[in-house]
Every structure is written in structure tokens, then in C-alpha cells.
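Computation of the quantities below employed the complete heavy-atom set of this structure, encompassing side-chain atoms and omitting hydrogens, waters and symmetry-equivalent molecules.
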Amino acid sequence: SGHGPVCHCGKAWYTIEIPASTVNRSAHPTATARTHASRCEAYHGPMSVDPASLSILRYPHPALLRTARPVEEVTDETRAVAARMLELMREARGVGLAAPQVGLAWRMFVANSGGEDEPDRVYINPALRDPQGGLEVHEEGCLSLPDVLGDVWRPPTITIEATDLDGRSFTLTNSEL
């Protein structure tokens, strides 16, 4: 395999040469598969996403280990991705889903605790503030780790500051979930 320049994420961009005998040339006119370069470009590049192609990633997918970056601007694309994330969350019978769980390095998550009359919520660039009370343990699961439950320690009340799908900042203090 040939090595190229180093990506902005610190990994070397490279290609893998696929032996011609393993490639159906009529379906694949080139016998080179881009690896890190194409994945990294899609992960870190401009927000150019087909929401219909999103699915929930399972551990140990490498995208789950990457640090998410702030969403610079709320656009129609951001809203479409949020709508797809809510759809995926409901299909999986979850109560929350973060953008890295669908392969996007965006600081965004969607949630709905499932209570009656509880609205779907989208949190863009969330920040937790002002934890109140001692830590309490709750058993929780994760859609990227199906069938695994674990104890999570959280304060009983927390304040979250975020941006909504209209680009407006909001603050919620909650003692649920």
C-alpha cells in the first residue's frame, strides 16, 4: 500500500491496492479502494450527509471513539439529520441518540424520555451545567451496545444549555432521566 500525506486528524491517508484477480473490472473499473481518506473526509468534512443513509453504529466502530465537533450553523441538512436520528431512535426503542452513534462527528443528540406528551427534543452543541445533589446510580443502556445494561452515576438534577433546530439557544433544568 502507498502512503500519502497526513490527514488533519493525524492519521496517514492511504490506499489499498486490490489484486486485479479479486475485482470484477466491469463493476469496478479501478482496482484501488480509498480507505482512511474517504472515511475521514466524510467524517470531518463539510456537512454533506444523506440522512437516509444513516444507521446506528455498533461498538467497536471507530466513529464511536472520535471527539465530536461543534455544529457551526443550523441548516436544513441539520434538521433532516435530526429527523432521521429521531426516527432511528424510535425504531430502536431508545430514549436518546447522539450524532457520533450514526457516524457524524457533530455535537448533537436527540431525546425523548417516552413519557406521554413528552416532545422530541434536539440538542445542538449541548453543555451540562449546575449539577445538583449527590450522585445517584441508574441502570442504563446504549443503542450502540445492544443488550448491554450498566450502572451510570448521575446527579439527580442537571441544567443543559443547547441550541434548537431554529438556531435559538435554550436552557432546561431537569430531574428526569
- Verify same cluster id: L128, L135 (apolar side-chain graph, 4.5 Å):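 No, L128 does not connect to L135 through the hydrophobic network.
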Mind checking whether [X] and [Y] have side chains closer than 4.5 Å, heavy atoms only?
X: S113; Y: E118; result: yes
X: V49; Y: W106; result: yes
X: H138; Y: D151; result: no
X: R58; Y: S144; result: no
X: I124; Y: T78; result: yes
X: V74; Y: R79; result: yes
X: S169; Y: E161; result: no

- Query: Can you tell me if T173 and T159 form a side-chain donor-acceptor pair at under 3.5 Å?
  - Reply: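 Yes, T159 and T173 have a side-chain donor paired with an acceptor closer than 3.5 Å.
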Residue pair [X] / [Y]: nearest heavy atoms and the distance that separates them:
X: L54; Y: R84; result: O-NH2, 3.0 Å
X: A68; Y: P100; result: CB-CG, 4.1 Å
X: A82; Y: L165; result: CB-CD2, 4.0 Å
X: M85; Y: L97; result: CE-O, 3.2 Å
X: I56; Y: A92; result: CD1-CB, 3.9 Å
X: I160; Y: P126; result: CD1-CB, 3.8 Å

- Between Y123 and F109, how do the two ring planes meet: parallel, tilted or perpendicular, split at 30° and 60°?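 The arrangement is parallel - the two ring planes meet at less than 30°.
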- Is R154 salt-bridged to E136, going by a charged N under 4.0 Å from an acidic O?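 Not counted as a salt bridge, because no side-chain N and carboxylate O are separated by less than 4.0 Å.
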- Message: If the threshold is 4.0 Å, N to carboxylate O, is there a salt bridge linking R121 and D164?
- Response: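 Salt bridge flag = no for D164 with R121.
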Drop me the distance from [X]'s [atom1] to [Y]'s [atom2], to the nearest 0.5 angstrom.
X: I158; Y: N174; atom1: CD1; atom2: CG; answer: 10.0 Å
X: L145; Y: Y59; atom1: CG; atom2: OH; answer: 8.0 Å
X: R69; Y: N125; atom1: CZ; atom2: CG; answer: 11.5 Å
X: L57; Y: Q101; atom1: CG; atom2: CD; answer: 8.0 Å
X: M89; Y: N112; atom1: CE; atom2: CG; answer: 5.0 Å

- F170 atom CZ, over 12 foreign heavy atoms within 6.0 Å: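 Atom CZ in F170 is crowded, with more than 12 foreign heavy atoms closer than 6.0 Å.
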- Query: Which of these passes side chain to side chain contact (heavy atoms under 4.5 Å, CB included) with L88: V110, V102, L143?
  - Reply: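 Among V110, V102, L143, the one meeting side chain to side chain contact (heavy atoms under 4.5 Å, CB included) with L88 is V102.
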